[in-house]
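Ligands are counted one by one from 1 in listed order, and the atoms in each one are counted from 1 as well.
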Amino acid sequence: MISIKSKREIELMKEAGRIVALAHKLVESMIKPGISTLEIDQAVEKLILDNGATPSFKGYGGFPATICASINEVVVHGIPKKSAILREGDIVAIDIGACYKGYHGDSAWSYPVGKISDADKKLLEVTEQSLYEGLKYAKPGNHLTDISHAIGEYASSFGYGVVEDFTGHGVGKHLHEDPAIPNFGEAGHGPILKPGMTIAIEPMINAGTKRVKVLTDNWTTITCDRKKSAHFEHSIVITEDGYEILTTL
Ligand code: MG
Ligand code: MG
């Protein structure tokens, strides 16, 4: 069932989203060659706690950290580690969730580390833009998969692999709620969007094959061809005439 949030619930989600956005600002300022993903994780955890929220991911299904830090061929769910040191030319997707007074915000962003190749720049640009292409269809009366279709068509028009094994999702009292929101497929299916629905849209786009596999730690998910992958995500609320991004300052 897709829940419709009240005005009060949406206000709490805006605060959760603001904290997530603050955390991304901090991440952006920290990312440089030589830093470990564990250092970023610890700083983000402190920021979330200092703002009166709790990390949504820590302990979720047993996930051991505050952020997911997915470097290069890692698609999602990379575990922060002291030994995972960012190097010049890497790209890294940082996924952050914060829970404020019982409501979650969820947003991922992919960052360049130092100077990156033109090909990697393109992958980041197209993946970010695919999120906005999907958001163009986030309005009352549209079908859910109108968003999915727009994301998938845009990203695949560049020859990229659109990940099918993971999806966007409803968000609110729970980190993951109904509905699942694929990043591919036909338009015109699924539920009709209504004001008060809160959803996280999150394209995961690969430079090569769409196929991914989960490593033996049961979290780290990599591309089968080891080519790079990017991930951008915002939590939004459907409004009377469109949408509003929740995970922003
Ligand atoms: Mg996320
Ligand atoms: Mg998410």
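- Residues His169 and His176 place their aromatic rings such that the two centres sit under 6.0 Å apart.
- A side-chain donor from one of Ser3 and Lys5 sits under 3.5 Å from a side-chain acceptor of the other.
- Side-chain polar atoms of Ser56 and His104 form a donor-acceptor pair below 3.5 angstrom.
- Both Ile236 and Tyr137 are part of a single hydrophobic cluster, where members link through side-chain heavy atoms under 4.5 Å apart.
- Taking backbone and side-chain atoms together, His169 has an N/O/S atom less than 2.8 Å away from the Mg ion (ligand 2).
- A salt bridge links Lys58 and Glu45; the closest N-O separation between the charged side-chain nitrogens and carboxylate oxygens is under 4.0 Å.
- Using modelled atom types, one finds no donor on one side chain facing an acceptor on the other under 3.5 Å when comparing Ser130 with Glu133.
- At a cut-off of 2.8 Å, measuring from the Mg ion (ligand 1), the protein N, O or S atoms that fall short of it are Asp95 OD1, Asp95 OD2, Asp106 OD1, Glu233 OE1, waters left aside.
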